[in-house]
Structures are given as C-alpha cells and as structure tokens.
Protein chains: 2
Amino acid sequence: MLRINRETDYGVVILSAMAQSPAERFNAAQLAAAHGLPQPMVSKVMKQLVHAGLLRSFRGAKGGYGLAREPEAITVAEVIEALEGPIAFTECVKAGRDSCEHVDDCHASTTWARISAVVREALGAVNLAEMGQPAAASAALCSRQQLMGH
Amino acid sequence: MLRINRETDYGVVILSAMAQSPAERFNAAQLAAAHGLPQPMVSKVMKQLVHAGLLRSFRGAKGGYGLAREPEAITVAEVIEALEGPIAFTECVKAGRDSCEHVDDCHASTTWARISAVVREALGAVNLAEMGQPAAASAALCSRQQLMGH
DNA sequence: GCTAATGTGTACCATTGAGGTACGGATTAA
DNA sequence: TTAATCCGTACCTCAATGGTACACATTAGC
C-alpha cells in the first residue's frame, strides 16, 4: 500500500503541531496527551528527530523539545528520512548497484531510482508550516518546478 | 524507507520484460528461470495481475500469460495498485475519514491525501514500455503536467 | 479419451519487522 | 536534595511478508 509507518505518521503530526508555536518548548507527556498517543512511543520518535537534527532537546526538570529550525525550513521529506531512512522504492535503489545480482540485466532499477527522486522531491516541497494547512501544501506541491532530467 | 514490497518489485520486473515482446505468450516457469525468481512466487504474482486485468491467462497445455493491453497503456501505478492496494501514505487516506478518531483535529490527513495523489500521478506517468528505458521514463516524469490543485 | 503441461485456489509455515512496553540512568531547575 | 525530564537499552508480542506445498481445473496434442 506504499504506506509510511506509524512512527513517521506520529512524527509528522507532532512536528506539525509544534510548528504552530515554533518558539514554545514541549515535553513528551504533554504531546502524547494532546494527540492521544502512547507516551513511550512519543519519546522514541522524538529521540530520533533529535538525532536527525530536526529537534533540540533540553534535559532535566522543565526540559522538553523545541524545533531546531524554523518550521518553514523543515520538510516532510526530512522527517520521513529521519524516521525511516532514505526514500527509495526498492532495495537496490537504496543499497546501490552491488546489492542485487540482477542489476546488470535489470531494466527497472534505473527507472525506480528516477521515480524515487521525483517522490523525494515532492515530499521535499512541503514544509511543516504547510503540513497543517492543506491549501498551502497544495500550492507548494503545484508550484514546485520539475527539476528532474538530464 | 517507503519501499514497495517484493511481490510488487517482481511484478514490475516481469511485466517490463514481457513488454519487450508484447505479443508473445509466457509461462510462469520460463519467467521464473529468466529472472532468477522462485516459480511459485511468480505464479502468485501473475494470478493477482490477471485478477486486476493487467494480464490475460491461457490455461492448459501451451498455456501461459500475455499482456491484456499494449505496454504503453499499463502504468506503474496500476501494477502497484494491483499488487498492494491503493496508493495511500497513511491509513486514514486509504480508509476514509471514519477510520481515525483524530481526523477532526488532525491537521495532517488532508495534506497526506494531496501528497498521495501527487505520487500516484507520478507513478501513473510511467508505463511499462518506458520502465525498461530510463531515458523514456525520465521524459515521462518530467513532461507530465501538474494536475493537482482546485 | 488419455496424458502431459499448464494455470487456479487454498492452505500452510517461518521469519522479520512494526509497534509497543519497561526500567534504570543521566541531567538539570528549583 | 529532589522531582521532573530526557536518554539508552533491552525486551515483548503480533501481524505481515516472503515463500512453499499440493490438490484441482483446464486444455493441446496425440
């Protein structure tokens, strides 16, 4: 079904919510309650996002998480890549030529790479600020230029 | 990692190969051998593709499979949908509004639907004939118009 | 008709990964 | 010092993926 996994879904929802008040600091329990998610799950996701440099964490009492950049500067593609690795439709696109014995006579792998790039680009066109505003997201998806080719 | 599953991968490879000789009739064993795939797996995939109307099957001795349409008229999106269901990044996009208790205060679902549609469109722009020819596929991906919006 | 070659359907199994939980330790504000 | 919070690791459970097996239906060719 070509689905993102649940962690990624949670991550996007949480980050979009945080993007509404970019300056505020949020803790895991608070976010979990606000979105009806299991608290440990939220912590797990947040940790990965910190690791990827999308969030900053503040430890200790009155600690929490804050966006590492402006919401406009964080794209959906980055969130997905932070939570589930590179955007690649097939194993061989991700792992490179050596991963599959059939690369040489496989006519599909190159095209999969192109397709993956196009999708990556579409996901890179939508940022967190737009995520919560369908109209803005549509505009971003429409106006993006076709950078593919060569 | 946003990957298609293995069955889908096999399906695309097999169909692309068949698209090279659109008139020919192929049997499962022959295709399995040609691409180094397990024969039962190939049968499984073929069956689904017949069911989806992308292949025609001929039973009995000298039977086999043939493309149900011109290779140019079968898109990668159709193959994916035949083998793994609708192209939808999140559960709620696939199952509709009622599937998730948070739809009303979830700002992300609408945007996910738009993104899914864009990806669906990109996958729909590449057909089987192009799949084996990266240059043609790139051209198709580039030249497609942005139909989104409204 | 008989037989061999083929697709069809169903059922089954093993392994992996997703999703979720638990807990102890490190860090810091007050 | 204490309580709040993040961090790391390890663990568990269940469903889906990937793959297999086999009996049955269909048909070409003899």
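Please read all numbers here as calculations on a predicted model, not as lab measurements. In what follows, chains are A, B, ... by sequence order, proteins preceding strands, each numbered from 1.
Within the 4.5 Å cutoff, the side chain of A:Val126 has no heavy atoms near those of the A:Thr75 side chain. You'll find the side chain of A:Ile4 reaches within 4.5 Å of the side chain of A:Asp9, heavy atoms only. Counting only heavy atoms from C-beta outward, the side chains of B:Arg120 and B:Glu81 approach each other to under 4.5 Å. Here the side chains of B:Ile80 and B:Leu123 are in contact, with some heavy-atom distance below 4.5 Å.
Using a 4.0 Å cutoff to heavy atoms of chain A, the contacted part of DNA chain C runs 5' to 3' from C:dG19 to C:dA29.
For the pair A:Arg6 and A:Lys62, nearest-nucleotide mapping onto DNA chain C gives the more 5' position to A:Arg6. The residue among B:Tyr10 and A:Ala28 whose nearest nucleotide of DNA chain D lies closer to the 5′ end is A:Ala28.
For DNA chain C, the neighbouring residues in residues 50-60 of chain A, judged by any heavy atom under 4.0 Å, are A:Arg59, A:Gly60. Interface residues of residues 37-44 of chain A facing DNA chain C, ordered by number: A:Pro38, A:Pro40, A:Met41, A:Lys44; criterion, heavy-atom separation under 4.0 Å.
For residues 34-47 of chain A, every residue pair satisfying the salt bridge (charged side-chain N to carboxylate O under 4.0 Å, His left out) rule, not counting sequence neighbours, is listed here: A:Glu7-A:Lys44.
One interatomic measurement links the two molecules: NZ of B:Lys47 to P of D:dC24, which rounds to 16 Å at whole-angstrom precision. Atom CG in A:Leu31 sits about 13 Å away from atom C1' in D:dC6, given to the nearest Å. In this structure, CG of A:Leu49 is placed 13 Å from P of D:dC6, rounded to the nearest angstrom. B:Gln48 places its CD atom 12 Å from the C1' atom of D:dG18, with the value rounded to the nearest Å. Separating the CG atom of B:Leu83 from the P atom of D:dA16 is a distance of 17 Å, rounded to the nearest angstrom.
Every residue meeting the side chain to side chain contact (heavy atoms under 4.5 Å, CB included) condition with A:Ala29, not counting sequence neighbours, appears here in chain and number order: A:Asn27, A:Gln39. Contacts of B:Glu84 classified as salt bridge (charged side-chain N to carboxylate O under 4.0 Å, His left out), with partners at least two apart in sequence or in another chain: none.
Geometrically, B:Arg25 does not engage B:Tyr65 in a cation-pi contact defined by less than 6.0 Å to the ring centre and at most 45° from the axis.
At a threshold of 4.0 Å, the pair B:Arg6-A:Glu91 does not count as salt-bridged, since none of the basic side-chain nitrogens sits closer than that to a carboxylate oxygen.
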**Message:** salt bridge (charged side-chain N to carboxylate O under 4.0 Å, His left out), that's the test. Do A:Arg69 and A:Glu78 meet it? Break it down for me.
**Reply:** CA-CA 12 Å; A:Arg69 314 179 216 146; A:Glu78 286 178 288; 3.1 Å; yes
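Residue A:Glu70 places its CD atom among 12 or fewer non-hydrogen atoms of other residues, nucleotides or ligands, all under 6.0 Å distant.
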